Participant: 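What follows is a single structure, and I will ask about it in a moment.
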Amino acid sequence: MENIITVANLTKYFKKRIEQRHFFSNKYEYVNALDNISFYVKEAESLAIIGKNGSGKSTLLKILLGVYKPTSGEIKISKTINGILDSGLGFHKDLTGYDNILILGKIIGLSVKEIKQKIDEIVEFAELQHYIYTPLKHYSNGMISRLSFSIVSLSQAEILIFDEVLAFGDIHFQQKAYQYLKKLNINGRTLLIVSHYMMGLVPLCNRFILLDKGKITADGPSYEVLPKYYDSLVNVLQFAQVKDIHNNKKVNFSLADLVIEEIKLSLCNNYIIIELKILTHRANEYDIGIVIRDLSEQNITTISMKKNNINVTDTIKSIVFQVPLEFFNIKHVLLYPYIFCLKSLEYKIFHEPFVIPLHNHDEEKNSWQRIFDNIGFVNIPVQIIVS
Amino acid sequence: MFKIFLKKDFWEYVWVFTWRELKIKYTQTYIGVFWMIFPPFMALFIASFFFGNLLKGSAQISNYTLFAYCGMMGWYYFSYLITYTSISLIQNMDIIHKANMPVVVIPLSRALLGLFDVIIWLLIAIIVKIFMGIQFNISNIFILIAILLNFITGFSIGIWLAILSVRWRDIYQVIPYIIGLTMLITPIFYHVNMVPSSLKVFVYLNPVAGVIEIYRKHLVYSVENIYSFVPGFLMAAFLLVIGLWYFFKHEKQIAETL
């Protein structure tokens, strides 16, 4: 396979205003949005570019599309490239869906003839048959992002670029879109995708690039890059407030109350021992457990302190979990410790769902989903423990 | 630099964007495109009743109504071009930020949209001319060239201001006042000959003044003198080359500074 995109020593500076002292005197400094990046993309590769906000993902895509000029460095693209950097680009709220298809299609460089041939296909893919003559101001965000995704994905360009276009779509459409992209990729199209939706990216992309502060910190398949990505996020996502899942009111528990200080891992007789060291400032009754997920953030299993509730009265307390090794047949897992304060709640309500395996009960699944939004996680390379 | 104008794809961009501007302008109005005939009728009223009868303009100049109407037509399109092309880049910021397309398309489509208005103005002028009983002449055809000159002068200044206002937003704050002031020193309601001869040079420094003169020569007075175009053409060509050169020179920086 030949390289169809070659990026060599690409650097992009931006001028950033750091201080506005008075009307005419502003202080500026230069920021490296991209710092000496080099990589190749081969034909029929599907590449995901991931990273924290402000790590330079969008700037890279903008330079590839030719919107920005690089400060220094070289880019060679040998095939037609097309893409969209924003859902609803160039859409006007007063015009109908039909008109906007024509406009966006033209903005991304399709010919009018081509758009008119495909317009039925676009509308059908976006599932907007009944709304196509409605002004765009009556559309929801999801409908707009569906429409713009459909237009771009039906373009004939060899390389397609997507930047968070699907952020507003519902799960059903996201799955459909990712399946469609997979099909395009199998047929030989090259994809460059920026997204934070790992569940879609992991099955679709065969190569990941992790950007951090304008530099490529990892490049490779998902199981090599994603652990590093989650590692970089651990510092960002600490324990937030946990909500009472049944009444949806805040429990008497906060970040200041309880912090996980340390996590120790060891291997013992086909069990992995996870030891959480907890620091509390207030004596309370807590219920502590761990949710284990794979890299695309799908649940593998949940472990909790089963029958006995832990009454944390010391300032530092160690809690030990035993996880059978059979759960770790994949290379990496994400560990989501969770903590509940039981002081103001009845024991029974809380305890049951911990015992029952997650995937059997839909109702519990929903309530669990809400917990997941509020807990931090720790990325654990299982390989290291086992070997 | 100017090769882009030879591409078929470029003109398709222009077509789609002009159509978009037209749709946006008249969407959710009851009578839609028929609003286009409103400004020329207002101009006709002002020319004939207000300036013609009340201020006695018709006493000094023959065919005063059409005379003033021509001035307003030239002025209308010129001020339209300056105001709307200079602000067009700022209004379409999101497209410029996120798509790779020729940026000239945006001001150009705005300018072409005004051409629809001018055609309506021209049709009404012809109807008025028939109504006033003035003879038609072969030189009336050259009015189309006058419109072209009007377009080029306005558009060139417009894109120049558009680029400047990308960097300094002060520009488009000032534009309405400048337009209001230039209107007074432009021979719209009066004849150039009324200006003292020592000040005539300054009147002709104004690019619209010449265009309006050509409008009048070929629509009202039917002068069969093609040489009258020469200064206008030189002026327009000069402005166009300077304007486009300045635009293309800064085109790549627009997305980053806007």
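Throughout, a chain's letter reflects where its sequence line sits, starting with A, and its residues are numbered from 1. Quantities reported herein were computed from a predicted structural model and do not represent experimental measurements.
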Participant: If you look at every heavy atom in A/Gly97 and A/Leu136, which pair is closest and at what distance?
Facilitator: CA-CD1, 4.2 Å
Participant: Where does A/Ile107 contact chain B at under 4.5 Å (heavy atoms): side chain, backbone, both or neither?
Facilitator: both
Participant: Rounded to the nearest 0.5 Å, what's the gap from CG on A/Leu184 to CG on A/Leu204? Could you check?
Facilitator: 9.5 Å
Participant: For a quick test of reading the model, state the closest non-hydrogen atom pair linking A/Asn36 to A/Thr11 and the distance between them.
Facilitator: N-OG1, 3.3 Å
Participant: Among B/Ile24, B/Asn92, B/Ile254, which has the most heavy-atom pairs under 4.5 Å with chain A?
Facilitator: B/Ile24
Participant: In terms of heavy-atom proximity below 4.5 Å to chain B, should A/Lys106 be classed as side chain, backbone, both, or neither?
Facilitator: both
Participant: Going through the distances and angles, do A/Lys57 and A/Asp212 end up as a salt bridge (Lys or Arg N to Asp or Glu O under 4.0 Å)?
Facilitator: CA-CA 9 Å; A/Lys57 306 182 296 279; A/Asp212 189 23; over 6 Å; no
Participant: Just give me the residue among A/Ser111, A/Gly109, A/Pro135 that pairs up with chain B most often, heavy atom to heavy atom, under 4.5 Å.
Facilitator: A/Ser111
Participant: Can you tell me which portion of B/Ile96 sits under 4.5 Å from chain A's heavy atoms? Options are side chain, backbone, both or neither.
Facilitator: backbone
Participant: Using 4.0 Å as the upper bound for N to carboxylate O, is an ion pair formed by B/Arg20 and A/Asp99?
Facilitator: no
Participant: Report the C-alpha distance between B/Arg167 and B/His250 in whole Å, list the side-chain angles of each, state the deciding distance to 0.1 Å, and finish with yes or no for side chain to side chain contact (heavy atoms under 4.5 Å, CB included).
Facilitator: CA-CA 10 Å; B/Arg167 186 77 186 77; B/His250 293 273; over 6 Å; no
Participant: Name the option with the most non-hydrogen atom pairs under 4.5 Å to chain A; the candidates are B/Phe17, B/Trp19, B/Trp15.
Facilitator: B/Trp19
Participant: Let me know if A/Leu110 has heavy atoms under 4.5 Å from chain B in its side chain, its backbone, both or neither.
Facilitator: backbone
